[in-house]
Asker: 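Here it is, the structure, as structure tokens.
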Amino acid sequence: MENRIKEQQLLFFGRTSCHEWWPNQFRLLLSGFAYTLVERLRSLALVGTSLAKTQVDTIRLKLLKMGGLVLRNTWRVKIMLSSAYPYKTLFAHAATVLNTSSVFKSAVPAR
């Protein structure tokens with residue numbers, strides 16, 4: 001538990017430099033939400049992979065912080081990754097697991 005608190009502090013709490021309380025509180029709220037999303041990504045989509053037991057900042061650097069092109073239209077979002085991206089198979093695996101997960105099926109309205 002101490003390691004999880006420490007990694008959230010190092011990763012997301014770095015910028016509370018505003019002199020007013022509300023902007024700092026909003027940043028902390030967003031950072032807590034982002035940490036929760038990455039933690040759920042690890043527990044749902046990265047089970048059995050090389051990133052299953054890594055820290056959140058490693059997941060962010062290797063899996064989420066990448067160059068690519070995002071194309072979207074009314075019905076679909078298409079992500080085009082570079083052919084030199086070393087974790088493209090892991091990214092595709094995580095995206096497939098999240099896409100087929102029943103956790104997100106109830107949140108998406110049927111067409």
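For clarity, every value in this text was computed on a predicted model and none was experimentally measured.
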Asker: Are the side chains of Arg40 and Leu37 in touch, meaning some heavy atoms are under 4.5 Å apart?
Answerer: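 A side-chain contact is absent here, since even the closest heavy-atom pair is not under 4.5 Å.
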Asker: Leu61 and Ile79: same hydrophobic cluster, using ILVMFWY side-chain contacts below 4.5 Å?
Answerer: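 They do not share one cluster, since no chain of ILVMFWY contacts under 4.5 Å joins Leu61 to Ile79.
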Asker: Please round to the nearest 0.5 Å and tell me the distance separating atom CD1 of Ile59 and atom NZ of Lys53.
Answerer: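 Rounded to the nearest 0.5 Å, the CD1-NZ separation comes to 11.5 Å.
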Asker: For Phe26, does the CZ atom have more than 12 heavy-atom neighbours from other residues, nucleotides or ligands under 6.0 Å away?
Answerer: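 No.
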Asker: If I take atom CG from residue Leu51 and atom OG1 from residue Thr58, how far apart are they, to the nearest 0.5 angstrom?
Answerer: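 If I round to the nearest 0.5 Å, the distance is 8.0 Å.
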Asker: Side-chain donor-acceptor pairs under 3.5 Å in residues 88-95, sequence neighbours left out?
Answerer:
unit_1: Lys88; atom_1: NZ; unit_2: Ser83; atom_2: O; d: 3.0

Asker: What closest approach, in Å, do Gln55 and Arg42 show between heavy atoms, and which atom pair accounts for it?
Answerer: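 Nearest heavy atoms, Gln55 then Arg42: CA-NH1, 3.9 Å.
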Asker: Can you tell if the side chain of Leu46 reaches within under 4.5 Å of the side chain of Thr54, non-hydrogen atoms only?
Answerer: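 When only atoms from C-beta onward are counted, Thr54 and Leu46 do not touch, as no gap falls below 4.5 Å.
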Asker: Considering non-hydrogen atoms only, spot the tightest contact between Tyr85 and Lys62 and give its length.
Answerer: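 Heavy-atom minimum between the residues: OH-O, 2.8 Å.
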Asker: Quick check: do Val97 and Val47 have side-chain heavy atoms less than 4.5 Å from each other?
Answerer: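 Val97 does not reach Val47 side chain to side chain.
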Asker: Share the residues that join Leu69 in a hydrophobic cluster, the rule being Ile, Leu, Val, Met, Phe, Trp or Tyr side chains under 4.5 Å apart at the heavy-atom level.
Answerer: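 Leu69 shares its hydrophobic cluster with Leu71, Met80.
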